[in-house]
Visitor: 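This structure is in structure tokens; I'll ask about it shortly.
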Amino acid sequence: MKKFIALLLAAVMTMSLLTACGGKTEETTSETPEAEAAQDEGTEAEAEEEAPEAEAQDAETEAEAPETEVEGEAKESTDAQSEALADGVLTVGTNAEFPPFEFVGDDGEPDGFDIALIKAIGEKLGVEVEVENMEFDSLVASIGSKVDVAIAGMTVTDERKNSVDFSDAYYEAVQYVILPEGSEIATADDLAGKTIGVQLGTTGDIIASDDIEGASVSQYNKGMDAVNDLINGKVDCVIIDKNPALVFASKFEGQLTAVDGAEFGFEPEEYAIAMPKGDTALVEQVNTALEEIKADGTFDKLVETYIEN
Ligand code: ARG
């Protein structure tokens, strides 16, 4: 009896199950656990497939950012592209009247330590470098408009920092005083009231104009023109950076001597590359390139080639 009831129960249950399944038809088959799992997997797989596309789209948006000037995005990203580099050409202003840092080479093109340095930096950044020769006094105002950056043995000063950002310093300098052989000028006091030749807008100009009492300052667009006037007796001395002073004085050996400005109390100065104010991406990239150039020996080679020889 028990057995019969059990069988009957089983039969009834089977019947009702079959009925239930039959009644529900295919519509709901996907609701079985297996089907659901399969569907989930499908959805996930699809989602995963879509993901790379979405990423690629993001990358495109990032790459386009500098061109479309989406400022907010550019600032958010740490590897934001500099606007100055976006066209693949770095336009560099210089004043090629400042050997050995920059001078006009035999081929008529600017050459020198700074030119070689900025070309090496351009190579690291993967951009072409175009050099524009102009007056030193026009350089700072041209950065961010006529040229992207300037390299010109330019000393970092607080005043210039109001208009431009500087890279890390790459060279230490000091003003020298070029004197005619046998000049009586030997100390800072001796410079008072003298006629001093300088290159317009340089730190030598600033020292002569602001710090030397009663000096009459003759400003030239080219340092060499000041030196020629020193030879002609039109100025009593020329104040100009150490390395150019040594080069210029050596052209008139026996007639001119270049004296270390430290003896006149002039402070050390540092050269750096001037860049548009606020282009932090550019400053970072230039500094990284500069570090690499120092680490791999390129920098020392350039010093040897252009400055020590
Ligand atoms: N170091 C000085 C300055 O920054 C003189 C630089 C002159 N450079 C040149 N390329 N003429 O004022």
Side-chain angles (χ1 to χ4, degrees), residues 94-105 110-117 135-137 139 151-157 169-192 194-212 215-272 302-309:
T94 196
N95 170 250
E97 302 291 342
F98 200 67
F101 295 98
E102 43 268 339
F103 50 87
V104 178
D111 192 9
F113 177 86
D114 283 347
I115 309 305
L117 180 63
E135 276 169 19
F136 184 80
D137 199 40
L139 281 172
I151 190 163
M154 190 181 285
T155 301
V156 178
T157 70
Y170 63 86
Y171 202 82
E172 190 172 296
V174 67
Q175 296 302 304
Y176 262 43
V177 182
I178 308 179
L179 296 166
E181 205 71 64
S183 166
E184 281 166 15
I185 297 171
T187 67
D189 287 346
D190 296 336
L191 289 171
K194 294 288 189 295
T195 302
I196 302 172
V198 297
Q199 186 181 19
L200 179 67
T202 61
T203 44
D205 185 3
I206 295 162
I207 288 173
S209 302
D210 295 355
D211 299 347
I212 298 171
S216 143
V217 183
S218 297
Q219 298 162 315
Y220 300 82
N221 279 324
K222 303 178 182 187
M224 191 60 204
D225 289 347
V227 174
N228 281 326
D229 269 2
L230 180 60
I231 287 288
N232 298 333
K234 288 187 183 157
V235 298
D236 298 315
C237 67
V238 170
I239 297 180
I240 198 162
D241 301 50
K242 172 182 175 171
N243 299 89
L246 293 172
V247 172
F248 292 149
S250 75
K251 294 194 176 173
F252 297 97
E253 243 194 281
Q255 295 181 76
L256 300 179
T257 56
V259 181
D260 189 342
E263 290 178 29
F264 295 83
F266 301 160
E267 300 287 333
E269 301 180 11
E270 286 188 319
Y271 294 165
L302 295 182
V303 170
E304 219 176 87
T305 305
Y306 288 99
I307 299 175
E308 284 166 0
N309 289 342

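The residues of the chain are indexed from 1 along the displayed sequence.
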Visitor: Distance check, rounded to the nearest 0.5 Å: T155 atom OG1 versus E172 atom CD?
Guide: 10.5 Å

Visitor: Can you find a pair of side-chain heavy atoms, one from Y220 and one from T202, that are under 4.5 Å apart?
Guide: no

Visitor: Check A272 against A169 and note the closest heavy-atom contact, atom names and distance.
Guide: CB-CA, 4.1 Å

Visitor: To the nearest 0.5 Å, how far apart are CD in E97 and CE in M224?
Guide: 10.0 Å

Visitor: In a check of side chain to side chain contact (heavy atoms under 4.5 Å, CB included) between D190 and each of I185, V177, L179, which one passes?
Guide: I185

Visitor: Quick check: are there more than 12 heavy atoms from other residues, nucleotides or ligands sitting under 6.0 Å from CD of Q219?
Guide: yes

Visitor: Are any of the side-chain heavy atoms of K251 and V227 separated by less than 4.5 Å?
Guide: no

Visitor: Return the minimal non-hydrogen interatomic distance between T195 and S218, and the atom names on each side.
Guide: CG2-OG, 3.9 Å

Visitor: Which pair of non-hydrogen atoms, one from A116 and one from L302, has the smallest distance, and what is that distance?
Guide: CB-CD2, 3.7 Å

Visitor: Under a 4.5 Å cut-off applied to non-hydrogen side-chain atoms, are P110 and E102 in contact?
Guide: no

Visitor: Tell me, do I207 and F264 make a side-chain contact under 4.5 Å, heavy atoms counted?
Guide: no

Visitor: So do the side chains of V238 and Y176 get within less than 4.5 Å of each other, counting heavy atoms only?
Guide: no

Visitor: When rounded to the nearest 0.5 angstrom, what distance separates CD1 in I240 from CZ in F248?
Guide: 5.0 Å

Visitor: Using 30° and 60° as the class limits, which term best fits the ring planes of F103 and Y306: parallel, tilted or perpendicular?
Guide: tilted

Visitor: Distance from M154 atom CE to F101 atom CZ, nearest 0.5 Å?
Guide: 13.5 Å

Visitor: Check whether any side-chain N or O of N243 sits under 3.5 Å from a backbone N or O of P99 as a donor-acceptor pair, and report yes or no.
Guide: no

Visitor: Taking D229 for its side chain and A226 for its backbone only, find out whether a donor-acceptor pair lies under 3.5 Å.
Guide: no

Visitor: Do V247 and P100 come within less than 4.5 Å of each other through their side chains, counting heavy atoms only?
Guide: yes

Visitor: What closest approach, in Å, do L139 and T94 show between heavy atoms, and which atom pair accounts for it?
Guide: CD2-N, 3.6 Å

Visitor: For the residue pair I178 and A249, what are the closest heavy atoms and their distance?
Guide: CG2-CB, 4.4 Å

Visitor: Looking only at heavy atoms, which two atoms of I196 and A215 are closest? And how far apart?
Guide: CD1-CB, 3.8 Å

Visitor: Between the side chains of Y171 and D114, does any donor sit under 3.5 Å from an acceptor?
Guide: no

Visitor: Nearest 0.5 Å, what's the CD1-CD1 distance between I239 and I212?
Guide: 3.5 Å

Visitor: Is atom NZ of K222 surrounded by more than 12 heavy atoms (other residues, nucleotides or ligands) closer than 6.0 Å?
Guide: no

Visitor: With the side chain counted from C-beta on, respond yes when Y170 and I151 share a heavy-atom pair under 4.5 Å apart, and no when they do not.
Guide: yes

Visitor: As an exercise, state the distance from OH of Y271 to CG of D241, rounded to the nearest 0.5 Å.
Guide: 3.5 Å

Visitor: Does any donor atom in the side chain of N95 or Q199 lie under 3.5 Å from an acceptor atom in the other side chain?
Guide: yes

Visitor: Given 3.5 Å as the limit, does a donor-acceptor pair link the side chain of D260 with the main chain of A262, or not?
Guide: yes

Visitor: Are any of the side-chain heavy atoms of F98 and P244 separated by less than 4.5 Å?
Guide: yes

